[in-house]
Amino acid sequence: ASGAVFGPVRPPFLPRGVLLLADVFASAMTRGEDGDAGIPLQSHAACAVGPEESGVARSRAARQLRLSAAPFPRATKSAIVGLLAFATVLLLGSMVELLCRGVARTTRKSSTVQAVQGLAMTKNPPVPSSLLQHLPPRSSLPKSGASVFAFNCSAGYSGWKHEWSVLKKDFCCDKEGKGCEHRSAPPFDCDAGFANWKDGWSVPKMGYCCYHYGKSCEHFGGPADFVTADGISHQTKACSAIGQDCSKSSCCQDPGLQCFRKDNFWAECLETCAPGPNVLDQESASWWKCEAIGDRTPGKRDNGKCSAKGEDCRSTRCCSDPGMQCYEKNELWASCKATCTPGPDLYAKESDPWTCMELGFRTEGVAPWVSQACANQNEDCSKKGCCMDSNHQCFKKDNSYAQCRTECKPGFKANPWDPAWSCEPVGMRTPEMAPSPDSKGVVAPWVAEKCAGEGDNCLDSQCCKSVGWQCYKKNKFWGTCSETCKPGIDPEDNSTLTCEPRGQRSWGLALKGYPSLYCFSVYMPASSERSVMEVQLKRGAGIFACDGYDVFASQESTLGTTKDGEVVKPILFPKIAVGVSQDGTAGNAKLFMAVWDKVIAHKRFRDYDWTIKVDPDAVIIPWRMRDHLRYQVGKNAYVVNCNKFPGSPNFPMMYG
């Protein structure tokens, strides 16, 4: 009867909580009168949280009412009981409505994932982020593990591949056929390595294969029926996941981990803990007490099951190196990187673009505060309790001094007359650090061939050659390389500039080393300078060892051929008479002004960090030059390179 009245949508005069309690009443009446089990109640159906979930949940509750409202064999008795129950429902329903509104107001501020993890009236802690992405499609969930997940499948659909969670993709694929492309291949092959699953599989793979195929369920302490969709057994669900506070649960979900106390307000699941600053603590440099709480979770920590740099991480979805994240290139490849920008990877061997969709979770890396708060190799680390350099540990010499070292054996003496070191460790060893997002290095050879220069269309290549330049989308047909871009009207053709960035910002053609060097020489083909240049070219030395080079002359000539088969000819400039300066040297200022005009006109200098003019008989060793210039990149610098007359007030000076 109640289902016939309510229909698929809640009437405006009834609070949402009425549907929930009416469902309880209808199920009880069905069970009491007909003797069956009734319809299973999902207590959160009418109290789902968030603007997207509530509509689906209300409809589902109404559908349950229609199913559960069976005709009563005893009409009179049912009518009397029904009226009394309905009055009770109205009163209690209003109370539930107030509760739902309070929960909804609190939770709407959270993200979509938090809303799904924190469904109202759910007692379990949030699903660990490391396992959330392995949830199977909602259509495949059994009733025992199902939950009400609802999303707006139109919101953000233009960027669904990179912006939607796997959970939202599954929901929208089932409901509206959107976001289904990610199901082209399962996240794990549950036949591969099954003979050695205990030692060879990651926890996410165990959970996935247990839930879908009944394999590796022993890890969770029960058969597949006792494992939820996220791969966590009901027995360990109440324990804390990695990154959660375990001070109240006193146990850890992941095998091999122990709950350690930091202070009176926080504890976390770790494999080991040394009193002192935890260099992996992303929040603060305060000292950890490292008091063990509860028992260590049985099993082995699966540290060796994640992918190393350069390996395909699609199946493991985790990285072995600190601070690294598994990023998708395409459906056939993913790799561990510190950062990823959609488009071509300037380090990669191929120029194919990357989607940069994150797979799994980022491996915890050294905290940012370590470089400022911890000790260097030359200072006493006993008070700071940590080291700023990778793979260094603070070791005690005695009770008054300690130093950051890579190793220390008890009894060690720096000098025979020194007292022996105790080598007692202080704090924890600083692991290898992930590359800085701003770090730069050698780019792939294809960058010089395929990336766009000034005035070229960069929309297809999504990369630029010049240092500090970015490819910006102008419209659907054209992209341009420039240092900056301001959206608005393009004065050249009166079109609208979107200024949408495409790919990475360039750091130049660092083809042999960083910083990149563009070297050039001016030579006279009829003099001995030609033979000097020919020898350098044959050996690949001098300016020919720089990342880019050019030669200039006032007459036609050919120096030779590079090892790559490129014929080297000079860029010509006008003949200019050379006189004698007041110092008795060549008065060639006008000649070199003409050469610099040619250098600027050819624009190659923009593709490199430094432009270096080298005399034919001067010795230049590029890798040593880079070491001197590396810390001056991007700065205004005056290079003092000659101290020919140390006693003169004019020296040292810029010379040449």
Side-chain angles (χ1 to χ4, degrees), residues 152-164 168-169 172 176-182 184 327-335 337 339-358 437-438 440 443-511 516 518 547-548 600-609:
N152 182 352
C153 299
S154 298
Y157 181 57
S158 59
W160 72 268
K161 190 168 186 180
H162 307 300
E163 299 172 4
W164 285 8
K168 183 170 181 177
K169 292 175 185 176
C172 294
E176 300 183 19
K178 297 179 179 179
C180 298
E181 184 180 330
H182 73 293
S184 57
Y327 288 104
E328 179 193 75
K329 178 181 182 181
N330 50 43
E331 60 182 9
L332 302 176
W333 182 261
S335 187
K337 304 167 65 175
T339 59
C340 190
T341 303
D345 181 355
L346 303 183
Y347 289 118
K349 294 180 180 179
E350 302 87 13
S351 60
D352 303 333
W354 287 63
T355 67
C356 289
M357 183 171 67
E358 294 183 357
D438 299 325
K440 301 176 179 66
V443 299
W446 59 263
V447 174
E449 303 169 4
K450 296 188 176 183
C451 290
E454 183 182 8
D456 296 336
N457 185 1
C458 63
L459 203 57
D460 291 332
S461 66
Q462 300 184 56
C463 60
C464 303
K465 294 180 181 179
S466 297
V467 175
W469 285 31
Q470 170 76 55
C471 176
Y472 291 102
K473 180 182 177 181
K474 180 178 181 180
N475 52 49
K476 62 180 180 179
F477 304 109
W478 190 266
T480 183
C481 290
S482 62
E483 288 186 279
T484 59
C485 184
K486 185 177 181 181
I489 303 300
D490 188 347
E492 294 184 2
D493 56 10
N494 206 35
S495 61
T496 301
L497 290 170
T498 64
C499 288
E500 178 186 336
R502 291 297 182 93
Q504 293 177 272
R505 184 175 291 274
S506 172
W507 59 90
L509 301 182
L511 299 171
S516 54
Y518 171 60
D547 301 276
I600 295 170
H602 277 257
K603 301 180 180 179
R604 288 193 67 193
F605 73 95
R606 290 181 175 173
D607 301 340
Y608 305 89
D609 292 300

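Everything numeric in this text was worked out from a predicted model, so none of it was measured.
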Handout entry: Expected output: side-chain D609 to main-chain S516 donor-acceptor under 3.5 Å
Key = yes

Exercise for the section: Please round to the nearest 0.5 Å and tell me the distance separating atom CH2 of W333 and atom CD of E350. Expected result: 9.5 Å

Exercise for the section: Would you kindly say whether Q504 and T341 are connected by a side-chain donor-acceptor distance under 3.5 Å? Expected result: no

Handout entry: Worked check of side-chain contact (heavy atoms from CB on, under 4.5 Å) between L346 and W446
Key = CA-CA 9 Å; L346 303 183; W446 59 263; 3.9 Å; yes

Handout entry: SG atoms of C356 and C340 less than 2.5 angstrom apart
Key = yes

Exercise for the section: Return yes if some donor-acceptor pair links the side-chain N/O of D456 with the main-chain N/O of C451 below 3.5 Å, else return no. Expected result: no

Problem - 4.5 Å side-chain heavy-atom contact, K465 and V447 - result: no

Handout entry: SB check D345 K337 (cutoff 4.0 Å)
Key = yes

Fill in the blank from the handout: In terms of heavy-atom contacts, T480 and C458 come closest through N-SG, 3.4 Å

Problem - Closest non-hydrogen atom pair, Q462 against P342 - result: OE1-O, 4.3 Å

Completion exercise
For W469 and R606 the tightest heavy-atom approach is CH2-NH1, 3.8 Å

Practice task
Could you pull out the closest heavy-atom pair between S461 and K450, with the gap in Å?
Solution key: CB-O, 3.3 Å

Handout entry: E358 side chain near Y327 side chain, heavy-atom distance below 4.5 Å
Key = yes

Exercise for the section: Tell me, with the steps shown, if D547 and L509 meet side-chain contact (heavy atoms from CB on, under 4.5 Å). Expected result: CA-CA 7 Å; D547 301 276; L509 301 182; 5.7 Å; no

Problem - Where A444 and A348 come nearest, the two heavy atoms and their spacing - result: CB-O, 2.9 Å

Problem - Rounded distance (nearest 0.5 Å) linking atom CD of E328 with atom CE of M357 - result: 4.0 Å

Practice task
Using atom types as modelled and distance alone, determine if a side-chain donor or acceptor of T355 lies under 3.5 Å from a backbone N or O of N330.
Solution key: no

Practice task
Kindly check if C481 and C471 bring their SG atoms closer than 2.5 angstrom.
Solution key: no

Fill in the blank from the handout: Here the gap from E483 atom CD to Y472 atom OH, rounded to the nearest 0.5 Å, amounts to 9.0 Å

Exercise for the section: Taking the side chain as every heavy atom from C-beta outward, state whether S466 and D607 have any atom pair closer than 4.5 Å. Expected result: yes

Exercise for the section: Would you mind reporting whether V443 and W507 have side-chain heavy atoms less than 4.5 Å apart? Expected result: yes

Exercise for the section: Using a 4.5 Å cut-off on heavy atoms from C-beta on, say whether the side chain of L459 contacts that of R502. Expected result: yes

Practice task
Could you pull out the closest heavy-atom pair between P501 and Q470, with the gap in Å?
Solution key: CB-NE2, 3.9 Å

